[in-house]
Amino acid sequence: MSEPSTSVLTPVLTDTWDADRSWKLATYEDAGGYEGLRKALTMEPGDVVQAVKDSGLRGRGGAGFPTGMKWGFLPPPDGGPRYLVVNADESEPGTCKDIPLMLASPQHLVEGVIITSYAIGCHHAFIYVRGEVLHVYRRLQAAVQEAYDAGYLGKDVLGSGYDLEVTVHAGAGAYICGEETALLDSLEGLRGQPRLKPPFPAVAGLYARPTVVNNVESIASVPAIVARGADWFASMGTGKSQGHGLFSLSGHVTRPGQYEAPLGITLRELLDLAGGVRAGHRLKFWTPGGSSTPIFTDEHLDVPLDYESVGAAGSMLGTRALQIFDDTVCVVRAVSRWTDFYAHESCGKCTPCREGTYWLKQVLHRIEAGQGTEGDLDLLLDLCDNILGRSFCALGDGATSPVTSSIQLFREEYQAHIDGGGCPFDPSRSALFDYTPRSRRTPALAGTGGH
Amino acid sequence: MTAEPTSARSATGYDAETLASLAADAAEIKGRYPDPRSGLLPMLHLVQSVDGYVSRDGILFCAEQLGLTAAEVSAVATFYTQYKRHPNGTYTVGVCTNTLCAVMGGDAIFDELSDHLGVGHDETTDDGAITLERVECNAACDYAPVVMVNWEFFDNQTPESATRLADRLRAGEAVAPTRGASSVCSFKQMSRVLAGFPDGRADEGVGAGEPTLAGLRIARERGWTAPAPAQAEPEAPAGTERTGEPEAGEAGSSAEREPTTESDVAPGGKPGTPGAGPDADTGVDAEPSSDSGTATEKGSTDE
């Protein structure tokens, strides 16, 4: 069948995932894999960069910076090394697209790495994958080895005269290493703490050499752009948000999972495909792009999920990590837990983030426990005001998003914790199974959530 | 037991054989990077594969290998949560208690396991089998609630399935993750893989679970596909129009003019800098802003 009706979903990266032994090179080649590389090797590197610019591809790691432009920032070659580093440290809460991609079909990424390296004049690329996904690391290593054995990597790639080495590197557990300069420090064998910018990695990155750092999905999108053309890619999506993207639905939704669609699809459409919110419940709040993006409610069901529209609605597209929470979920509990995460993962380099997330956590804990005081909500907002824009990197900024957005949207619910001396929700109702909560106060107002 | 010359100079307490084998592996690790220091993280995984945690000897070994002080190595080892400060159990059982998994049942699973095993976070059972941990988001939210055993995925767990799993691990039975190798390996074996020494098990297990394929299944059913490649660009592998010729990906190429110009502008005047607009930045995938700048995003929000 070829496009009977308009295709709401557009499998490109996911297209190979249901094949038998989908992770093998042969499977990928059978599906047309490595046509992009063959074509790229006949092009001028600069033309490959131009094609990616023309496609409109923007960073799929969250920030949405134009990928081709990022490549173009590298200074002219000076004879020294230039590096490509793939950010495979996926760990933003709610984000779960790169890991399944690398598990199911790592060759998309490997081919993208080779094409990108060729385009930017890199001869040694690195894939920095978080250490907490053992089998993904195995699959990546095997995929790279298969590519070497087939002549796609190593000396004289496919007889082109171009040489490339790829090293797959495992991290060791640190969310901050997803920040690109912290990742570079970590890759250099240091504590993963962000660097002052400028200089940007394009000028002084890995080993102080010109470096491109890109997200897994960004790089994995490159082969099809080269093989099928920039126009093909740009024909999907909206205005300045072109192409396909992985939308990851999780939480209280009937069929959670990965849905690959043109940017600009709405949550209403996605929920439709996913069987809707958990039976018998209503959507209460959701994140459009991970925990660092301000939360939305059912008022935002029709916001096109593209960079501009989500931004205009007061949040960020981020990583398209759509975490769905129904009416059984206490927003204070949710935000308090995210805040624990930021406090735990703050690298400690700058004071606003290190101290600020610590105090956010203390205040949220006491509110959640019913020991909040009258001024606590204003105190939270004041703390956020002193973190946002005053932190060294975006981790601190991200930590404030759930707090400020939830107070704005659910202030009464926070107030109810303070006034009622406890959480009005029964935590067992949000779970997917029946159980009796331990050591919890009897919920004073069980089931009142969701209005 | 052959006396290695290096052992004489080593301050570690490793016997000559262990030291020689570690040194050989460390040499391979260092060889992967332009700067040997980049090998420190894999090397710390390596010492965990021998000692079951980052021991004093392990720290001294890394320091000797890389010409660092023990303090410099410790500074790194203490930064990352996967490096254990005391002997780890044979299996790390990690329950995701980040928000989404927690509300879907992760909190209940952790409580049940903690009760069942009689240990709390980062504590090990008396038999040395299990170290229980609360873990952060592990990128499997569509399979919540998730439990990781030695960093292999156990999807869609319940308190009952998790305690059963723990019991089997303690009994020494082989257990298979939902998505991963056909059985979970030990903490030490896992550490060796993470140090970059393959165990040959990449082809075991599935490629994807159902949630991973949720959208694709629907697309297949309804005949939805990505648009056909534009008619214009002939698929011919032969570089059509923009021939030019490879010119060896060597230098010269990516220099291209325009980007250079932009670069002059961008790096300096890139917003995304704090102070700038509220949430301009971030988003972030595994991070705060993987793609630095983010000039783009801003402008929107801010009321």
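Below, chains carry the letters A, B, ... as their sequence lines are ordered, and counting in each starts from 1.
To the nearest 0.5 angstrom, B/C185 atom SG is 5.5 Å from A/L134 atom CG. Expressed to the nearest 0.5 Å, how far CD of B/Q82 lies from CZ of A/R130 amounts to 8.0 Å. For the atom pair B/N138 CG and A/I99 CD1, the distance stands at 7.5 Å (nearest 0.5 Å). The CG atom of B/D107 sits 4.0 Å away from atom CZ of A/R337, with the distance rounded to the nearest 0.5 Å. Distance check, rounded to the nearest 0.5 Å: CG of A/L187 to CG of B/L40 gives 12.0 Å. Between the CG atom in B/L213 and the CG atom in A/D18 there is a gap of 6.0 Å [rounded to 0.5 Å].
For A/H344, the part sitting under 4.5 Å from any heavy atom of chain B is the side chain, from C-beta outward, and nothing else. With a threshold of 4.5 angstrom between heavy atoms, A/S248 does not approach chain B through any atom at all. The contact between A/W338 and chain B is made by backbone and side chain atoms together, counting heavy-atom distances below 4.5 Å. Contact annotation for A/Q141: only side-chain heavy atoms (C-beta onward) come within less than 4.5 Å of a heavy atom of chain B. In this structure, chain B has heavy atoms under 4.5 Å from both the backbone and the side chain of A/L9. Neither the backbone nor the side chain of A/H244 comes within less than 4.5 Å of any heavy atom of chain B. Heavy atoms of A/V12 lying under 4.5 Å from chain B belong exclusively to its side chain. Heavy atoms of A/S186 lying under 4.5 Å from chain B belong to its backbone as well as its side chain. For a residue to count as touching a neighbouring chain, one of its non-hydrogen atoms must lie under 4.5 Å from one of that chain's; by this rule A/F341 touches chain B with backbone and side chain alike. Neither the backbone nor the side chain of A/Q145 comes within contact range of chain B, judged by heavy atoms closer than 4.5 Å. Using a 4.5 Å cut-off between heavy atoms, A/F325 contacts chain B through its side chain alone, with no backbone atom that close.
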Discussion item. Could you walk me through whether A/V133 and B/W151 satisfy the side chain to side chain contact (heavy atoms under 4.5 Å, CB included) test, starting with their C-alpha distance in whole Å, then the side-chain angles of each, then the deciding distance to 0.1 Å, before giving a yes or no?
Written reply: CA-CA 5 Å; A/V133 283; B/W151 306 111; over 6 Å; no
Item to complete: Dump the intermediate steps for salt bridge (Lys or Arg N to Asp or Glu O under 4.0 Å) on B/D142 and A/R255, then the final yes or no.
Response: CA-CA 9 Å; B/D142 43 350; A/R255 283 186 296 278; over 6 Å; no
Discussion item. Working note: B/R222 + A/L273, criterion side chain to side chain contact (heavy atoms under 4.5 Å, CB included); need CA distance, chi angles, decisive distance, verdict.
Written reply: CA-CA 11 Å; B/R222 306 190 186 182; A/L273 296 173; 3.6 Å; yes
Item to complete: Dump the intermediate steps for side chain to side chain contact (heavy atoms under 4.5 Å, CB included) on A/H135 and B/R179, then the final yes or no.
Response: CA-CA 8 Å; A/H135 211 52; B/R179 291 173 296 141; over 6 Å; no
Practice prompt. Decide yes or no on side chain to side chain contact (heavy atoms under 4.5 Å, CB included) for B/F79 and A/I176, but give the supporting numbers first.
Written response: CA-CA 11 Å; B/F79 186 83; A/I176 189 61; 3.8 Å; yes
Practice prompt. Applying salt bridge (Lys or Arg N to Asp or Glu O under 4.0 Å), run through B/D203 and A/R139 and close with a yes or a no.
Written response: CA-CA 7 Å; B/D203 289 339; A/R139 287 264 163 92; 5.3 Å; no
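B/Y33 and A/H169 are linked by a side-chain donor-acceptor pair at a separation below 3.5 angstrom, with hydrogens and angles left out of the test. Checking A/S250 against B/Y143 by side-chain atom types alone, no donor-acceptor pair falls below 3.5 Å. For the residue pair B/T158 / A/Y435, no side-chain donor-acceptor distance below 3.5 Å is found, with atom types taken as modelled.
Using a distance-only test at 3.5 Å, with no hydrogens or angles considered, a donor-acceptor pair links the side chain of A/S7 to the main chain of B/T225. Side-chain atoms of A/S22 never come within 3.5 Å of backbone atoms of B/G207 as a donor-acceptor pair (strictly under, hydrogens ignored). Put simply, the side chain of B/S38 never gets that close to the backbone of A/G189: no donor and acceptor are under 3.5 Å apart. Checking side-chain atoms of B/T99 against main-chain N and O of A/A334 turns up a donor-acceptor pair under 3.5 Å. Judged by distance alone, the side chain of B/H45 and the main-chain N or O of A/G131 form no donor-acceptor pair under 3.5 Å.
If you tally non-hydrogen atom pairs under 4.5 Å between each of B/P198, B/A181, B/A219, B/A208 and chain A, the highest count goes to B/A181. Counting heavy-atom pairs closer than 4.5 Å to chain A, the top residue among B/T97, B/V76, B/L194 is B/L194.
Side-chain contact between B/T212 and A/W17 is present, with at least one heavy-atom pair separated by less than 4.5 Å. B/V103 has its side chain within reach of A/R333: a pair of non-hydrogen atoms, C-beta onward, lies under 4.5 Å apart. Between B/C137 and A/Y175 the shortest side-chain heavy-atom distance does not fall below 4.5 Å.
Scanning all heavy atoms of the two residues, the minimum distance from A/S235 to B/P227 falls at OG-CG, 3.8 Å.
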